[in-house]
Amino acid sequence: MTSLLKAISKILPTYPFEAPQGTNIPYCVYVKNETPVRTKDGICGYEGTLTISVFAGTLEAIHTLASRIIGAIDNASFDGRDYYYESSSEENYSEIGLVQKDLIFNFIE
């Protein structure tokens, strides 16, 4: 996932699973779930999902960053895997001035 992480990191700071405490916003964290594709001859590839959670201070910022990430990853290949945008969800934590948008991508190798 190195070339994929480099592409995302050009847009904003990127961390696996969770950001360190005190990280300045905006930033994103990612989680990858993959399943081997099996045939009678063995494993022939992998398929799965990549969830990128984007955190920012305003709705405008979160939408701009999410659009940039989708534009960089959707219908693109990184490290031998093809990524396709599937869906997103959004949470607004107004009491702490934080907005979260989860972007879900499917991939296949």
Side-chain angles (χ1 to χ4, degrees):
M1 255 181 43
T2 31
S3 63
L4 173 62
L5 295 179
K6 287 179 185 177
I8 299 169
S9 294
K10 289 180 183 178
I11 300 169
L12 71 164
T14 305
Y15 303 96
F17 302 108
E18 63 182 57
Q21 187 172 3
T23 300
N24 293 327
I25 56 174
Y27 64 89
C28 71
V29 295
Y30 68 91
V31 177
K32 179 180 76 167
N33 296 308
E34 64 183 16
T35 304
V37 177
R38 299 179 189 273
T39 66
K40 65 180 182 178
D41 296 324
I43 296 172
C44 64
Y46 294 88
E47 63 184 4
T49 59
L50 171 69
T51 302
I52 301 173
S53 298
V54 182
F55 298 88
T58 65
L59 286 171
E60 182 179 340
I62 202 90
H63 291 171
T64 300
L65 292 167
S67 293
R68 290 179 62 196
I69 290 173
I70 292 168
I73 299 174
D74 188 30
N75 292 317
S77 293
F78 297 95
D79 303 319
R81 294 181 175 179
D82 298 325
Y83 289 83
Y84 304 97
Y85 174 70
E86 180 184 307
S87 64
S88 65
S89 62
E90 196 171 284
E91 292 289 331
N92 189 348
Y93 304 103
S94 57
E95 64 277 359
I96 59 172
L98 188 67
V99 182
Q100 174 184 347
K101 187 164 191 144
D102 294 333
L103 307 173
I104 300 172
F105 295 88
N106 291 324
F107 66 84
I108 191 158
E109 179 178 332

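Residue numbers run from 1 in the order of the sequence given.
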- Message: Would you say that Pro16 contacts Tyr30 through its side chain, given a criterion of any heavy-atom pair below 4.5 Å between the two side chains?
- Response: yes
- Spatial distance of atom NZ (Lys101) from atom CG (Leu59) [nearest 0.5 Å]: 9.0 Å
- So, for Cys44 and Thr39, which heavy atoms are closest and what is the spacing to 0.1 Å? SG-CG2, 3.6 Å
- Task: Any chance you could measure Ile73, atom CD1, to Asp82, atom CG, to the nearest 0.5 Å?
- Result: 13.0 Å
- Message: Looking at Gly80, is its backbone amide N or carbonyl O close enough to the side chain of Ser77 to form a donor-acceptor pair, meaning the two atoms are under 3.5 Å apart?
- Response: no
- Message: As an exercise, state the distance from OG of Ser89 to CD of Gln100, rounded to the nearest 0.5 Å.
- Response: 7.0 Å
- Message: Nearest 0.5 angstrom please: Ile52 CD1 to Ile104 CD1, how far?
- Response: 10.5 Å
- Query: Of all heavy-atom pairs between Pro13 and Pro26, which one has the smallest distance, and what is that distance?
  - Reply: CD-O, 3.6 Å
- Would you call Phe107 and Glu34 a side-chain contact if the rule is heavy atoms closer than 4.5 Å? yes
- Item | Between CD1 on residue Ile11 and CG on residue Leu65, distance to nearest 0.5 Å | 8.0 Å
- Query: Should Tyr83 and Leu5 be regarded as members of a common hydrophobic cluster, given that ILVMFWY residues are connected when their side-chain heavy atoms come within less than 4.5 Å of each other, either directly or indirectly?
  - Reply: yes
- Task: Determine, using the 4.5 Å side-chain heavy-atom cutoff (strictly less than), whether Leu103 and Val29 are members of one ILVMFWY cluster.
- Result: no
- Message: I need the Ile70 CD1 to Asn75 CG distance, nearest 0.5 Å.
- Response: 11.5 Å
- Item | Distance-minimising heavy-atom pair for Ser3 and Asp79 | OG-OD1, 3.0 Å
- Query: So does Gln21 have more than 12 non-hydrogen atoms from other groups sitting under 6.0 Å from CD?
  - Reply: no
- Query: Can you tell which of Ile69, Ile8, Thr14 makes a side chain to side chain contact (heavy atoms under 4.5 Å, CB included) with Val54?
  - Reply: Ile69
- Task: Enumerate the residue pairs fulfilling side chain to side chain donor-acceptor pair (under 3.5 Å) with a member in residues 43-71, sequence neighbours excluded, ordered by first and then second residue.
- Result: Ser53-Asp102, His63-Glu90
- Where does the angle between the aromatic ring planes of Tyr27 and Phe55 fall among parallel (under 30°), tilted (30 to 60°) and perpendicular (over 60°)? parallel
- Message: To check you understand the geometry: which heavy-atom pair defines the closest contact between Ala76 and Ala72, and what is its length?
- Response: CB-O, 4.0 Å
